[in-house]
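Input: a single structure, listed below in C-alpha cells.
Each chain gets a letter, A, B and so on, in the order its sequence line appears, and its residues count up from 1.
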There are 2 protein chains.
Amino acid sequence: MADRLSHVFQALADDTRRDMVARLATGDATVGELAEPYDMSLQAVSKHLRVLEDAGLVSRRKEAQKRPVHLEAEVLDLMTGWIERYRRQAEERFQRLDALLADMADDENPHHEGAAS
Amino acid sequence: MADRLSHVFQALADDTRRDMVARLATGDATVGELAEPYDMSLQAVSKHLRVLEDAGLVSRRKEAQKRPVHLEAEVLDLMTGWIERYRRQAEERFQRLDALLADMADDENPHHEGAAS
DNA sequence: ACCGTATTCAACCAAGAGGTTGACAGCGAT
DNA sequence: ATCGCTGTCAACCTCTTGGTTGAATACGGT
C-alpha cells in the first residue's frame, strides 16, 4: 500500500467505515455510540476505527473512560485533489478530441466559409 | 463490499492502479503499453485492469489483437459527490461550533454593547 | 478497595487481494 | 497453415482483511 492516499482510499472502500464517516460528519461520537447501529462486536468496530485513524480520517481524544472519535475532514481534500486532477485532465483531452473530430467533419463536407485553396 | 462506491474506492486504493489511471488520463493505452513501466508480469497488470473495469473506471474495446483501455472519468464524480457531501457537512458543523464558542466568550467577558439585564 | 462501564489487546479463522508461472485463445502477416 | 504478437484463464502461494471470542486495561463512582 505504501503511501497516504492508498490508506485513505482503502479506509473508505468499506460500507461500514463510510457509514461511520457519514455519522461522524454530524458530530463526534464514542465507540459505543458508533457501534450501536451495527450487528457486529464492539471489537470489530474498534478495528474499523483504527483503520480510519491510521488513514488520518479520524482522531480519538481520551475523556474519562470514553474515547470520543472526531472526523478530520481535511484529509478528504487529499482525495478530491487527486481525483479532480485526473478527471479534469481526461475532460480536457476529451474536449480537444471533440474539437478535432469537428475539424475532420469540416474537411469532409466543406460548408464553412473562408476555406483556403 | 457490496455497492458501487466500495468498488471504486477499493480500485483506487492501490498505487499501481492509481498510477494507471493517471496514465490513462493522458490517453488510451494497450495492456502492453500500460504494463511496460512496472516490474510485474503482464498477467498481474491484466488483473489490475479487471479491477478497474469492474469498478467502472475503465473500459476495453477490442481492436485486432490489441485491447485499448479507456478511462471512464465520469465515475470519478461518484466519489467526489460522496466525499464533498460529508466534507461540507463537517465544515458547516465546524462553523456553527465556532460561532457558539464566540458567543460563550462574549458571555464570559461582556465587552459587547446592547447586552440585556 | 472494589465494581461497572468503555475500550482495547491477542489469538484465531475464513475469505479476498496481489502476485507468480504455465497453458491457451484471437488475430494479422507471411 | 502456422507463426508471432497480445492478452486472458487457471491454479497456486502468501499476506491482509474483516470478523469472532476471551482476557486485560483504564478510569469514575461508591
Side-chain angles (χ1 to χ4, degrees), chain A residues 1-24 27-72, chain B residues 1-24 27-72:
Chain A
M1 248 211 286
D3 79 342
R4 183 69 176 285
L5 218 36
S6 291
H7 282 87
V8 184
F9 278 114
Q10 180 68 41
L12 292 182
D14 181 282
D15 271 325
T16 308
R17 281 188 306 252
R18 274 203 313 286
D19 210 57
M20 288 173 172
V21 168
R23 161 73 183 73
L24 287 168
D28 296 4
T30 70
V31 180
E33 287 164 357
L34 279 168
E36 194 264 326
Y38 309 106
D39 182 23
M40 184 189 304
S41 70
L42 213 64
Q43 292 94 316
V45 172
S46 190
K47 275 194 184 183
H48 278 305
L49 287 172
R50 197 151 141 63
V51 173
L52 289 170
E53 188 174 30
D54 288 349
L57 276 162
V58 127
S59 66
R60 286 123 129 185
R61 68 184 186 287
K62 51 190 346 181
E63 184 176 282
Q65 60 273 79
K66 307 200 183 165
R67 280 210 226 343
V69 180
H70 175 76
L71 180 62
E72 299 290 343
Chain B
M1 249 215 284
D3 80 341
R4 182 68 175 284
L5 217 37
S6 291
H7 281 87
V8 184
F9 278 113
Q10 180 68 42
L12 292 183
D14 180 281
D15 271 324
T16 309
R17 277 184 314 247
R18 275 202 313 286
D19 211 57
M20 288 174 172
V21 168
R23 163 71 182 76
L24 286 168
D28 297 3
T30 68
V31 179
E33 285 164 1
L34 279 168
E36 194 265 327
Y38 310 106
D39 185 20
M40 181 189 305
S41 71
L42 212 64
Q43 291 94 317
V45 172
S46 191
K47 275 194 184 182
H48 278 306
L49 287 172
R50 197 153 141 64
V51 174
L52 289 171
E53 188 175 30
D54 288 350
L57 276 162
V58 127
S59 64
R60 286 123 128 187
R61 67 183 185 290
K62 51 190 343 181
E63 184 176 282
Q65 61 272 78
K66 308 203 181 162
R67 273 194 232 2
V69 180
H70 175 76
L71 180 63
E72 299 289 342

Original post:
Distance-only, no hydrogens or angles: does the B:Arg17 side chain make a donor-acceptor pair with backbone N or O of B:Gln10 under 3.5 Å?
Top reply: yes

Subject >> Pairwise 5' ranking along DNA chain D for B:Arg60 and A:Met40, keeping only the more 5' one >> reply: B:Arg60

Original post:
CG of B:Leu42 versus P of C:dG18: gap in Å, rounded?
Top reply: 17 Å

Original post:
Does the side chain of A:Ser46 get closer than 4.0 angstrom to OP1 or OP2 of C:dT8 through an N or O atom?
Top reply: yes

Subject >> Length of the line joining A:Lys62:NZ and C:dT8:P, which is rounded to integer Å >> reply: 10 Å

Original post:
Taking side chain as C-beta onward, heavy atoms only, is A:Leu24 less than 4.5 Å from A:Leu34?
Top reply: yes

Original post:
Are B:Arg18 and A:Asp3 within salt-bridge range, i.e. N to O under 4.0 Å?
Top reply: yes

Original post:
Under the 3.5 angstrom rule, does the side chain of A:Arg60 hit a backbone N or O of A:Pro68 as a donor-acceptor pair?
Top reply: no

**OP:** Using the closest heavy atom to pick a nucleotide of DNA chain C for each, name whichever of A:Val45 or B:Val51 lands nearer the 5' end.
**Re:** A:Val45

**OP:** For A:Lys66 and for A:Gln43, find the nucleotide of DNA chain C with the closest heavy atom, then tell me which residue's nucleotide is more 5'.
**Re:** A:Lys66

**OP:** Nearest whole angstrom, please: distance from the C1' of C:dT20 to the OH of B:Tyr38.
**Re:** 19 Å

Original post:
Side chain of B:Lys47: nearest nucleotide among C:dA6, C:dT20, C:dA11?
Top reply: C:dT20

Original post:
How many Å lie between NE2 on A:His48 and P on C:dT8, as a whole number?
Top reply: 13 Å

**OP:** Take the protein atom CD of A:Glu33 and the nucleotide atom P of C:dT5, then report the distance between them rounded to whole Å.
**Re:** 16 Å

**OP:** For B:Gln65 and C:dT30, give me the distance from atom CD to atom C1', rounded to whole Å.
**Re:** 14 Å

Subject >> Contact check, side chains of A:Glu72 and A:Leu57, non-hydrogen atoms, under 4.5 Å >> reply: no

Original post:
Any idea which of C:dT20, C:dG26, C:dG18 is nearest the B:Ser41 side chain?
Top reply: C:dT20

Subject >> Side-chain H-bond candidate by donor/acceptor type, A:Asp19 with A:Thr16, under 3.5 Å >> reply: no

Subject >> Between C:dA17 (P) and B:Arg50 (CZ): distance, integer Å >> reply: 11 Å

Original post:
Just how far, in rounded Å, is P of C:dT8 from CG of A:Leu52?
Top reply: 12 Å

Original post:
Reckon A:Ala44 touches a base, only the sugar-phosphate, or nothing at all at heavy-atom distances under 4.0 Å?
Top reply: base

Original post:
If you walk 5' to 3' along DNA chain D, what is the first nucleotide with an atom under 4.0 Å of a heavy atom in chain A, and what is the last?
Top reply: D:dT17 to D:dG28

Original post:
Does the side chain of B:Asp28 come within less than 4.5 Å of B:Arg61's, by heavy atoms?
Top reply: yes

